[in-house]
2 protein chains.
Amino acid sequence: MDQHLIVFMKVAQLKNFSRAAEELHMSQPAVSQYIQALERELGVKLLERTNKYVEVNKAGKIVYQYGKSILREYEQMQTLVSDLQNEPAGELRIGASYTIGEYLLPSFLALLQKDYSAIIPSVSIGNTEDIGSKLVSHDIDIGLVEGTFTHKQVISVPFQIDRLYIISSIGKSLLKKRITPEVLAAETWIIREEGSGTRKVVEEFFEKHHISPNRLITLGSTQTIKEGVEAGLGISLLSELTIQKEIELDRIRRLEFAGTPIQRAFYVMKNHHEFYPKALQVFENLVRRSQNSD
Amino acid sequence: MDQHLIVFMKVAQLKNFSRAAEELHMSQPAVSQYIQALERELGVKLLERTNKYVEVNKAGKIVYQYGKSILREYEQMQTLVSDLQNEPAGELRIGASYTIGEYLLPSFLALLQKDYSAIIPSVSIGNTEDIGSKLVSHDIDIGLVEGTFTHKQVISVPFQIDRLYIISSIGKSLLKKRITPEVLAAETWIIREEGSGTRKVVEEFFEKHHISPNRLITLGSTQTIKEGVEAGLGISLLSELTIQKEIELDRIRRLEFAGTPIQRAFYVMKNHHEFYPKALQVFENLVRRSQNSD
DNA sequence: ATTAATTATAATATTTACTTATTGTTCTTA
DNA sequence: TAAGAACAATAAGTAAATATTATAATTAAT
């Protein structure tokens with residue numbers, strides 16, 4: 001593939017000729033020459049350079065944008081052609097929400113590794129929005145998330161049902177009461193931060209049962225929330241995935257309440273696009289076979 | 001840009017190494033070497049070749065499809081970069097219906113030529129469907145047609161109102177009568193072939209006024225139809241654009257009939273896409289300024 | 001001013017690309 | 001079935017491009 005574009009892209013990303021040369025295993029003058037050749041060919045300067053800063057200019061921005069797309073297409077072409085002869089292989093860029101990334105993805109990756117060691121997965125964690133927009137900009141190949149994302153380029157398919165339970169520490173007097181909305185509203189709730197899929201479920205739950213809790217504590221991770229619940233700090237609503245071990249060890253108990261468990265779907269999100277290499281097929285199948293889905 | 005892909009594309013199109021070499025102004029062995037190098041790089045054969053046939057195989061099809069897109073993107077990039085510094089320039093591929101292509105486009109091209117001689121237009125003629133699908137496959141940059149085309153990738157904007165009149169030769173006794181649907185149905189009608197925009201208007205006209213003509217003659221071009229009408233062979237319904245000269249020379253007369261002239265819009269169709277170079281802007285503006293539009 | 005960090009230039013070496021000449025196929029046709 | 005035509009592949013040499021090393025030039029920071 002056209003080396004000029006590759007070199008330009010690297011320089012534009014690193015904003016540094018010498019470092020780009022290193023990464024590309026070539027000498028710095030070679031990089032200078034490539035850039036000069038490309039600028040000559042296009043008849044326009046692409047990089048404003050002093051010895052302190054290298055910056056793409058307006059023309060450089062255009063070339064960078066197109067270059068990204070051109071190189072991506074070339075790579076996709078290589079992958080599809082290689083797929084014709086070889087086992088599924090190559091990079092597979094997965095995006096996942098926190099919950100899925102922490103509790104579900106590890107086993108998926110293990111299965112993938114076992115049967116298809118030539119596939120090299122990488123994982124980005126983010127909320128549904130993040131994953132969706134990374135999909136649109138082709139920064140990941142597939143997403144596993146807790147919500148849907150509306151964009152004409154993206155399709156979402158449910159692959160697993162998740163159940164969320166209200167949990168408390170084992171010491172709470174609450175455990176002996178009959179659980180009513182009023183009882184729940186009287187408790188301290190520990191919930192995830194704004195933007196989290198689990199937070200959203202909790203808010204919908206409150207709304208549905210007309211609960212406005214006395215005290216809300218927001219914590220940034222599921223792990224911390226579980227520790228808070230264990231310590232008797234308050235109660236929470238969490239996915240069964242995240243509390244399995246604590247239940248087994250009897251550190252945390254589920255509360256019986258009509259309307260729980262709350263069910264929600266996990267979704268596979270992917271680009272509505274013609275590019276569908278073996279590696280992606282294999283991973284998607286593995287995910288969708290994981291449990292009673294659809 | 002990557003010469004390997006360019007050479008491959010040319011060979012795949014021409015199905016012939018030697019002819020590709022000629023067109024690319026290089027020797028035949030050079031072409032052989034490029035193809036071999038590309039096949040080596042991708043690790044797969046792309047062309048099945050005997051000395052009678054050269055054919056792309058499955059892998060070759062993938063490379064051809066991606067190659068087309070990659071080279072197109074590279075060209076678009078070059079055009080946009082050049083637009084930053086230079087006057088509108090480069091190839092501009094226009095698609096037009098027969099009527100527009102014959103009667104309207106020449107003056108557009110003349111205007112374009114006058115002010116922007118660096119733009120090199122090429123014209124493909126076809127019906128709305130043809131033009132629409134050529135737009136989708138990026139074989140043209142803009143279309144001027146008589147109908148709309150529904151595809152998420154394509155947008156249509158009206159740019160001019162067209163009027164169609166019923167015409168007859170000057171000798172017809174018809175000219176002295178009061179024109180009613182019954183009178184029209186009694187005449188011989190000369191109409192365009194199936195698939196033509198004008199044909200469609202005529203059919204709608206018949207339907208609307210419950211006319212089923214005694215005799216229909218289908219002819220393949222507007223020019224031939226006009227000659228038929230002049231010769232008294234029958235009457236027709238044609239765009240004012242096409243009959244201007246014949247009216248002036250009093251070879252053909254318009255019939256007065258309630259519901260004529262029939263109005264329809266001409267549309268600019270373009271790809272709903274980020275690529276919008278100066279040459280395309282200039283041409284579109286010229287077209288849309290051409291008459292009272294929108 | 002000196003130094004450090006950086007890109008550009010020059011000269012040279014190496015690799016790749018391209019050419020001509022030739023060979024080896026396969027299909028056609030006489 | 002032999003000869004010829006049409007074609008791609010190969011070989012060998014040449015031209016062109018792409019690298020490298022060494023060095024210069026520029027700028028910012030100390």
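To find a chain, count down the sequence lines: A is the first, B the second, and so on, and within it residues start at 1.
- Across the protein-nucleic acid pair, A/Glu22 atom CD and D/dA19 atom P stand 17 Å apart, rounded to whole Å.
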Revision key, fill the gap. Protein-proximity profile, nucleotides 5-16 of chain D, B/S/- by nucleotide at the 4.0 Å heavy-atom cutoff, equals -BBBBB------
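- Phosphate contact (OP1/OP2 of D/dA19, side-chain N/O of A/Tyr34, threshold under 4.0 Å): present.
- Considering only residues two or more places apart in sequence or on other chains, A/Tyr98 meets the side chain to side chain donor-acceptor pair (under 3.5 Å) condition with none of them.
- For A/Ile6 and D/dA19, the CD1 to C1' distance is 16 Å, given to the nearest whole Å.
- Taking atom CZ on A/Arg40 and atom P on D/dA17, their separation rounds to 9 Å, with Å as the unit.
- B/His272 meets the ring pair (Phe, Tyr, Trp, His ring centres under 6.0 Å) test with no other residue; sequence neighbours excluded.
- Contacts of A/Ser82 classified as side chain to side chain donor-acceptor pair (under 3.5 Å), with partners at least two apart in sequence or in another chain: A/Asn86.
- Atom pair A/Leu24:CG and D/dT18:C1' shows a separation of 14 Å (rounding to whole Å applied).
- Residue A/His4 places at least one side-chain N or O closer than 4.0 Å to OP1 or OP2 of D/dT18.
- Partners of A/His273 under the ring pair (Phe, Tyr, Trp, His ring centres under 6.0 Å) rule, at least two apart in sequence or in another chain, are A/His138.
- Summarising the geometry, the separation between CD on B/Gln3 and P on D/dT18 is reported as 11 Å, rounded to the nearest angstrom.
- The pair B/Arg93-B/Asp141 meets the salt-bridge criterion, with a side-chain N (NZ, NE, NH1 or NH2) lying under 4.0 Å from an Asp/Glu carboxylate O.
- For A/Tyr34, the ring pair (Phe, Tyr, Trp, His ring centres under 6.0 Å) criterion is met by A/His4, not counting sequence neighbours.
- Put simply, CD on A/Glu41 is 15 Å from C1' on D/dT18, counting in whole angstrom units.
- If you measure from atom CD of A/Glu39 to atom P of C/dT9, you get 11 Å, rounded to the nearest angstrom.
- Look at CG on A/Leu14: it is 12 Å from P on C/dT6, rounded to the nearest Å.
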